[in-house]
Asker: 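My questions will all concern the structure given below.
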Amino acid sequence: MTAAPEQGRPVVFRNATVLTMDDAHQVLHDADVLIEGERISAVGQQLQVPAGTQELDAAGGIVMPGMIDTHRHMWQTAMRGYGADWTLTQYFVWNYLQWGKSFRPQDIYAGNLLSAIEAIDAGVTTTVDWSHNLHTIDHAEAAVDALTEIPGRFVLAYGNIQAAPWEWSAAPEFRDFVARRFSGGNDMLGFQIAFDVPPASPDFPEQAAFEVARDLNVPVTTHAGVWKVTTDEGIRLMHEHGFMNERTIYVHAASLSADSYHRIAATGGHASLSTESEQSAGQGYPPTWKLREHGIGVSLSMDTSVWWSADLFSAMRATLSADRAREHLEAHARDETVTHHKLRAEQVVDWATRGGARALGLDSVTGSLEVGKKADLILIKNDESPVMFPLLNPYGHVVFQAQRGDVHTVVVNGRVVKYDHKLVGSDLAKARSAIEQTVEYLRGVLGPEAWNDGMHPEIPETRVLDNPYTYTYTQD
Ligand SMILES: [Zn+2]
């Protein structure tokens with residue numbers, strides 16, 4: 001491979017299998033994608049290109065839109081893997097009640113910086129930073145500083161678990177921050193308001209926060225349908241007060257009644273599914289099987305690196321498997337056999353790309369490879385891998401065969417940010433040193449005992465069943 005393409009000159013990917021993810025889901029073989037400036041200027045076979053265009057050999061590879069993660073608590077990447085054995089209850093206790101407040105602005109920065117780099121490395125070109133530990137404006141500034149330092153497309157979903165949403169969203173310094181950092185319509189850095197509607201209070205104090213969102217003309221993203229935490233009651237209150245619309249994002253959307261799904265569908269909202277999270281943490285069974293029935297738009301997300309990583313290949317795989325597992329399970333309960341799957345790999349690739357763009361209101365900007373859209377795309381190609389051939393079923397290949405190590409090149413907004421499996425323009429060493437300082441600080445705050453106890457929750461006793469085949473028979 002040659003050196004990374006120079007910035008500022010057109011780039012053409014040559015001879016790829018191209019998943020356009022346009023409305024017709026066209027798949028082109030031996031096809032090219034031309035990028036000029038920030039945008040895709042041509043998609044097709046044997047393209048004529050302007051003089052000076054840099055040619056990238058994509059033969060044997062797949063070019064597809066960059067993936068979109070619609071819900072990720074990026075600050076928590078500083079605690080990568082720490083809670084691998086947690087349930088949601090342990091997560092809440094650790095982050096909300098015990099230690100979340102210990103995070104300083106520089107710790108939010110460190111987590112976000114690493115998470116942002118990880119996203120683009122994994123081919124995730126747009127990420128929503130569901131940033132719910134912004135307990136001062138300095139924390140919020142730090143979050144945005146990190147997001148603007150890394151050449152990905154981001155959305156800051158502003159939240160604060162340390163105070164009530166109707167309080168922090170009413171603070172003048174919050175409005176000030178939004179005006180200062182989010183004026184001027186920049187599609188590289190969007191804004192949402194992030195809070196939940198637990199059933200604690202029937203007089204719906206969250207109304208004030210929804211009104212702030214309406215006033216600022218920004219979407220609300222909310223953890224909905226989280227088992228025993230956010231329920232049908234929250235959906236009903238939102239709906240009856242007129243705060244559900246096509247820009248609202250319902251994270252998880254599991255454990256809800258048909259009535260709630262009808263309310264979401266009727267108002268055009270989208271779900272953000274974190275299948276691995278729902279499976280492990282306990283929000284409810286990953287609900288694609290329900291969302292499909294109700295005609296609700298699906299996007300994918302990875303939730304938090306306390307358990308998982310920024311890997312949307314993993315999200316696609318888990319989502320397809322969970323949906324199919326449910327279908328088989330329900331059929332078997334009726335003594336039936338599923339002979340044809342309803343959910344296909346193709347649909348899951350759509351959810352990981354276009355579905356995210358639709359959910360974020362960015363469908364005219366990104367999510368598919370079409371002329372005029374911003375150039376957010378990835379090349380999956382790994383000549384050293386025995387898994388890259390034969391390439392027979394491109395959607396199936398993306399979902400069940402490829403992995404993030406196979407992401408060869410990543411382009412965001414026309415700029416090559418990864419090439420030949422190496423990051424371009426992101427300072428991983430800086431992120432490493434920021435993270436080391438954060439981990440050292442948090443370890444000190446917790447002390448060795450709390451640090452260890454937090455990572456290793458007690459294991460409930462499992463009683464091994466009596467086994468009739470291990471009995472010994474004695475004759476008398
Ligand atoms: Zn979450």
Side-chain angles (χ1 to χ4, degrees), residues 16-19 21 25 27 58 60-72 74 77 80-81 84 115-128 152-153 272-280 286 288 298-305 307-325 343-357 366-369 376-389 391-412 417-418 421-423:
T17 299
V18 177
L19 306 185
M21 305 319 293
H25 280 190
V27 178
I62 296 169
V63 172
M64 63 178 260
M67 291 173 277
I68 297 176
D69 184 328
T70 55
H71 149 248
R72 201 166 152 64
M74 292 173 72
T77 304
R80 183 191 295 290
S115 185
I117 295 173
E118 183 190 355
I120 57 172
D121 184 65
V124 180
T125 51
T126 301
T127 306
V128 174
R153 202 179 293 283
S272 171
L273 228 78
S274 315
T275 301
E276 287 185 302
S277 178
E278 288 121 35
Q279 288 175 325
S280 242
T288 48
V298 177
S299 67
L300 301 185
S301 58
M302 289 307 300
D303 202 349
T304 168
S305 290
W307 281 273
W308 310 282
S309 67
D311 184 352
L312 279 192
F313 291 99
S314 191
M316 289 190 279
R317 205 170 285 186
T319 301
L320 188 54
S321 295
D323 192 289
R324 290 176 175 177
L343 186 61
R344 300 301 166 105
E346 176 175 346
Q347 184 60 49
V348 180
V349 175
D350 182 284
W351 288 341
T353 53
R354 199 82 188 272
T366 186
S368 60
L369 304 183
D376 292 356
L377 56 90
I378 66 174
L379 167 63
I380 298 168
K381 177 181 161 95
N382 187 349
D383 294 338
E384 308 299 317
S385 167
V387 184
M388 283 307 297
F389 61 90
L391 207 176
L392 308 176
N393 173 349
Y395 293 114
H397 211 100
V398 167
V399 175
F400 279 143
Q401 304 294 326
Q403 46 119 340
R404 68 174 164 182
D406 300 323
V407 174
H408 175 288
T409 298
V410 179
V411 179
V412 184
V417 299
K418 182 181 183 183
H421 303 277
K422 289 181 192 67
L423 289 160

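Everything numeric here is computed off the predicted structure, so don't read it as measured data.
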Asker: Just checking, any donor-acceptor pair under 3.5 angstrom between side chains of T70 and S301?
Answerer: no
Asker: Restricting to non-hydrogen atoms, name the atom on V63 and the atom on A16 that form the minimum distance, rounded to 0.1 Å.
Answerer: CG2-CB, 3.6 Å
Asker: Okay, side chain of H397, backbone of F389: is any donor-acceptor separation there less than 3.5 Å?
Answerer: no
Asker: Taking all atoms of both residues into account, what is the closest heavy-atom pair of K418 and V407, and its distance?
Answerer: NZ-O, 3.0 Å
Asker: With a 4.5 Å cut-off on side-chain heavy atoms, are H71 and D303 touching?
Answerer: yes
Asker: If you round to the nearest 0.5 Å, how far is CE of M64 from CG of L369?
Answerer: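 Rounded to the nearest 0.5 Å, the CG-CE separation comes out at 8.5 Å.
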Asker: Going from OG1 on T17 to OH on Y395, what distance comes out if it is rounded to the nearest 0.5 angstrom?
Answerer: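 Result: 11.0 Å between the selected atoms.
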Asker: Rounded at 0.5 Å granularity, tell me how far CG in D383 sits from NE2 in H421.
Answerer: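 That separation rounds to 7.0 Å.
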Asker: Please list, chain by chain and in numerical order, all residues satisfying ring pair (Phe, Tyr, Trp, His ring centres under 6.0 Å) with H25, sequence neighbours excluded.
Answerer: none
Asker: Can a donor-acceptor pair be found between the side chains of R72 and S305 at a distance below 3.5 Å?
Answerer: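 A pair is found: one side chain offers a donor N or O, the other an acceptor, under 3.5 Å apart.
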Asker: Between S368 and R354, which heavy-atom pair has the shortest distance, and what is it?
Answerer: CB-CD, 3.9 Å
Asker: Can you name the closest pair of heavy atoms from T127 and V124 and give their distance?
Answerer: OG1-CG1, 3.5 Å
Asker: In residues 313-323, what donor-acceptor pairs under 3.5 Å come from side-chain atoms, sequence neighbours left out?
Answerer:
residue	atom	partner	partner atom	Å
S314	OG	E276	OE1	3.2
S314	OG	E276	OE2	3.0
R317	NE	V399	O	3.0
R317	NH2	A402	O	2.7
T319	OG1	T275	OG1	2.6
T319	OG1	A315	O	2.7
S321	OG	R317	O	3.0
D323	OD1	R292	NH2	2.7
D323	OD2	T288	OG1	2.7
D323	OD2	W289	N	3.2
D323	OD2	R292	NE	3.0
D323	OD2	R292	NH2	3.3

Asker: Testing the basics here: between P394 and V27, what is the closest heavy-atom pair and its distance to 0.1 Å?
Answerer: CG-CG1, 4.1 Å
Asker: By the definition side-chain contact (heavy atoms from CB on, under 4.5 Å), identify the one residue from D406, N393, I380, T353 that meets it with V398.
Answerer: I380
Asker: Quick one: are V387 and Q401 in side-chain contact, heavy atoms under 4.5 Å?
Answerer: yes
Asker: Got W308 and S280 here, is their nearest side-chain heavy-atom distance under 4.5 Å?
Answerer: yes
Asker: With side chain to side chain contact (heavy atoms under 4.5 Å, CB included) as the criterion, how do E278 and L273 come out once you've worked through the C-alpha distance, each side chain's angles and the decisive distance to 0.1 Å?
Answerer: CA-CA 8 Å; E278 288 121 35; L273 228 78; 3.8 Å; yes
Asker: Report the distance from atom CZ of R153 to atom CG of D376, rounding to the nearest 0.5 Å.
Answerer: 4.0 Å
Asker: Which distance, rounded to the nearest 0.5 Å, do you find between the CE of M67 and the CD1 of I378?
Answerer: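 M67 atom CE to I378 atom CD1 measures 4.0 Å (nearest 0.5 Å).
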Asker: Flag the pair R404 and D121 as a salt bridge only when some basic side-chain nitrogen lies within less than 4.0 angstrom of an acidic carboxylate oxygen.
Answerer: no
Asker: Does the side chain of E118 come within less than 4.5 Å of S309's, by heavy atoms?
Answerer: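 Sidechains of E118 and S309: in contact.
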Asker: Using a 3.5 Å distance criterion without hydrogens, assess whether the side chain of D311 forms a donor-acceptor pair with backbone atoms of Q403.
Answerer: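 No, the answer is negative, given that no donor and acceptor are paired below the 3.5 Å cut-off.
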Asker: Looking only at heavy atoms, what is the nearest atom pair of P65 and L19, with distance?
Answerer: CD-O, 3.3 Å
Asker: Nearest 0.5 angstrom please: L379 CG to I62 CD1, how far?
Answerer: 9.0 Å
